[in-house]
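A short write-up of the structure that comes next.
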Amino acid sequence: MTFKSILDEIENNLNKILGELSIHDVKFSVEPAKSGFGDVSSNVSFLLAKQLKKNPKDIADMLSERFQNCTNTLVMRSEAHPSGYLNFYADWGKLSQLILSESYLDEFGDVDIGKNTAIVVEHTSVNPNKALHIGHIRNIVIGDTVSRILKKANYKVNILNYVDDSGLQVADIIVGFKHLGFAEEPPHGKKFDHYCGDDVYVKTTEKYGADPSLERIRNNVLKELENGDSETARFADKITRKVLAGQLETCWNLDVFYDCLNFESQIIRSGLWSEIFEELKAMSLIEFEKEGKNAGCWVIRGEDNEEDKVIVRSNGTATYIAKDIPYAAWKLGLLDDPFNYEKYEKKQPDSRDLWQTTLKKNNPISQNFTGEKVVTVIDSRQARLQKIITSLMGKFKSMPDAYVHLGYESVTLSSETAKTLGLDTEGKQAQMSGRRGLYVNADSVYELLKEKTKEETKKRHSEMSPSEIEKIAHNVSVATLRYEMIKQDLDKIITFDLTKSLSLEGDTAPYIQYTCARASRILEKSDRIPTIDVDFSLLKEKSEIDLIKNIGLFNLQVRDAANNLSPKVIARYCHDLAVAFNSFYENAKVLELGDVNLENSRLCLVNSFKITLERALDLLGITAPDRM
RNA sequence: GGGCCUAUAGCUCAGCAUGGAUAGAGUGUUGGACUUCUAAUCCAAUGGUCAAGGGAUCGAAGCCCUUUGGGCCCA
């Protein structure tokens, strides 16, 4: 029950008091207090002020007095603050025991929001014609973190990666391979996805300006891609799968794993579109336009002031949104599944099965990767399109929020970083562009981080084996990259700067990981196995109580993060935990105190902290090394 | 022309959903703490007309309206 126990106790008692006063339907808050104002605060007196025609302070006084007469097990006393807040002080002897002994349980921090229902999280979904750049990483890390949080909130999460293997960008590199003579093998030592993105894609698109005939060739390629039997489609399939393999390697390295890969080409060939097209017509969700500029097209009427959206052009071809509609409906389980499934050719490092859709009929295996709800992680430039899909899905499925577009702002390059890539932006930040070769590859950032972390680790631990240093550097680099991608709000633009991103101090992942190393060291040196069979009332220093309080907030933070699909909440929580531990570390010694009971109690706290932080970090996909 | 996002300390950001106490971190700058469980740490100082204006409220960084700057999407 954790810290929530005391919140519940207070809320119940306050409700009881209000009931005695014949006051109902007041939605007051009961929250962890700001530092310096006790342990728990309630705004109840403010809300009653008008109704009772008294000032908040007098009401707080009255409530506080009545509160003394309630049965309290975890609250020591209540206090009316002159401001009008009602503050509560916990009986930490009891609350500490409750929190710390629970923290040892496997289910610590679990909340049940999902009731074990299935939810789909789709993320990554990068065109398979290039390597992942730092902007894609934001999508991937958000998606992966949200998935982990939803699992903790008792959802059955199906993680999908949509592979757009038949779009314009793929056509571009096929033009490069087939018509501009790019070799099929990358230069020695270069990953295939990097080669396709850095060389084939950029250099091919560069040539479009000079040679207009290439556009025509590309359009032909595009058409051939839609027909699965063409030689071009087979070639493209081979190339895109090699690129995809490279991209997946990057993801796996960051501890990001999937359940199923969905290929756009198969969605097109599956016939899902015509099925849903008929349904859209039947439900009058789309209309045939008889006049105006969209005459002859099937359109979705724009809501409010928005333009109508063309779904099928007058020449009968579907627009790109037409691919998204059946896919969204498929994810929600609204359509008969046209796919069979097969295992992906490589195993994921975490040994979770990775499936992929297939239209092959031999040896059919069926799987279910759909969900009651769907979360689609796509950057907010797609908000308009996603809004249409959301609204359509709302009409297909009468559940509120069944389809959620989780949008986020883009990652731009700082002017300095843009300059190192050869673009002078006159001090402004720059949008990344795969086409123009203006991006920073995720693999390169990881490598740079790892080199720097290795140096730092060597400096501190000259005795360490290279393999151990390698492992620490890997953990710290992955953590840094992931943490930087989610520590701020989704609707804030991240300006990526190659130099600044390498910082390992302050509000960074290493800061948090470092506290774990400190805790490990204490536990290791103690030569004892910490237990919960200790005297919790010995833990009464402010820094100890603060740390315990933070540990007790875990499930509340998970609830908040899951309800709001907000990875940032957990990032901040981890940081708060680390700050609380560092304060404890400075203020309270653990070992060689000459007081075995106190030592045991503190060891229990250290262990509890470590377990909790590790669990919270796990939600961020971060591992904390025991030494660093 | 229409729509979405955004503006809080020199810089990067929390806080805003659900209005109430003293607006918090990191970074920067200055100074201090390693014979003591790891200094990737800690402590102190410094730094704010919460973009501007208006409105409703006993009370606004937060809610409503208008304007401006920045970013994006559509036309």
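Since this is a predicted model, take the numbers as computed values, not measurements. A note on names: the letters A, B, ... follow the listed sequences, proteins ahead of strands, and every chain is numbered from 1.
With distances taken from any side-chain atom of A:Lys589 to the nucleotides B:C42, B:U36, B:A21, the minimum falls on B:U36. Considering only side-chain atoms of A:Val590, the nucleotide from B:C42, B:A14, B:C37 that sits closest is B:C37. Ranking B:G71, B:G26, B:C37 by closeness to the A:Asp507 side chain, first place goes to B:G26. When the nucleotides B:A14, B:A40, B:C42 are ranked by their closest atom to the side chain of A:Gln488, B:A14 comes out on top. Minimum atom distance to the side chain of A:Gln431 is reached by B:G71, of the listed B:U38, B:A17, B:G71. Listed nucleotides: B:C73, B:A39, B:A21. Nearest to the side chain of A:His81: B:A21. Minimum atom distance to the side chain of A:Glu409 is reached by B:C5, of the listed B:A21, B:C42, B:C5. Here the side chain of A:Arg384 is nearest to one of B:A14, B:A21, B:G3, namely B:G3. Comparing B:C37, B:G71, B:U6 by their closest approach to the side chain of A:Asp491 singles out B:U6.
Contact annotation: A:Lys293 side-chain N/O to B:A75 OP1/OP2 distance is not under 4.0 Å. Residue A:Asn582 has no polar side-chain atom (N or O) positioned under 4.0 Å from OP1 or OP2 of B:U41. OP1 or OP2 of B:A7 lies within a sub-4.0 Å distance of a side-chain N or O belonging to A:Lys492. Listed pair A:Arg602 / B:C37 fails the phosphate criterion, with no side-chain N or O lying under 4.0 Å from OP1 or OP2.
Look at A:Lys459 and A:Glu456 and you find a salt bridge, because one of the NZ, NE, NH1 or NH2 atoms lies within 4.0 Å of a carboxylate O, short of that distance. For the pair A:Asp58 and A:Lys54, the salt-bridge criterion is not met [side-chain N within less than 4.0 Å of a carboxylate O]. With respect to A:Asp401 and A:Lys373, no salt bridge is recorded, no charged nitrogen being found less than 4.0 Å from a carboxylate O. Using a cutoff of 4.0 Å between basic side-chain nitrogens and carboxylate oxygens, A:Lys500 and A:Glu416 are not scored as salt-bridged.
At a threshold of 4.0 angstrom between heavy atoms, the contacts of A:Asp308 with the nucleic acid are absent.
Aromatic stacking is marked for A:Tyr85 over B:A21, as both cut-offs hold: 5.5 Å for the centres and 30° for the planes.
The same atom, C1', is picked in B:A14 and in B:U38; the two are 29 Å apart, to the nearest Å. The separation of B:G15 from B:A25, taken at their P atoms, amounts to 15 Å, rounded to a whole angstrom. Using atom P as the reference point in both B:A9 and B:G53, the two lie 16 Å apart (nearest Å). Comparing the P positions of B:U27 and B:G70 gives a spacing of 31 Å, expressed to the nearest Å. The same atom, P, is picked in B:A17 and in B:A60; the two are 15 Å apart, to the nearest Å. For the C1' atoms, the distance from B:G3 to B:U8 is 26 Å, rounded to whole Å. Only the P atoms considered, B:U18 is 15 Å distant from B:U6, to the nearest whole Å.
For the pair A:Gly36 and A:His461, both in contact range of RNA chain B, the more 5′-proximal nearest nucleotide belongs to A:Gly36. A residue-by-residue look at A:Tyr514 and A:Leu47 shows that A:Leu47 has its nearest nucleotide of RNA chain B further toward the 5' end.
Each of A:Lys471, A:Arg521, A:Lys610 was compared with A:Asp626 under the salt bridge (charged side-chain N to carboxylate O under 4.0 Å, His left out) criterion, and only A:Lys610 meets it.
Remark: the A:Thr453 side chain and the B:A40 base include no donor-acceptor N/O pair separated by less than 3.5 Å. Counting distance only, with no hydrogens placed and no angle test, the side-chain atoms of A:Thr508 and the base atoms of B:A40 include no donor-acceptor pair under 3.5 Å. A donor-acceptor contact under 3.5 Å is not formed by the side chain of A:Arg572 with the base of B:A25.
Annotation for A:Glu468: atom CD counts as buried by contact number, over 12 foreign heavy atoms lying within 6.0 Å.
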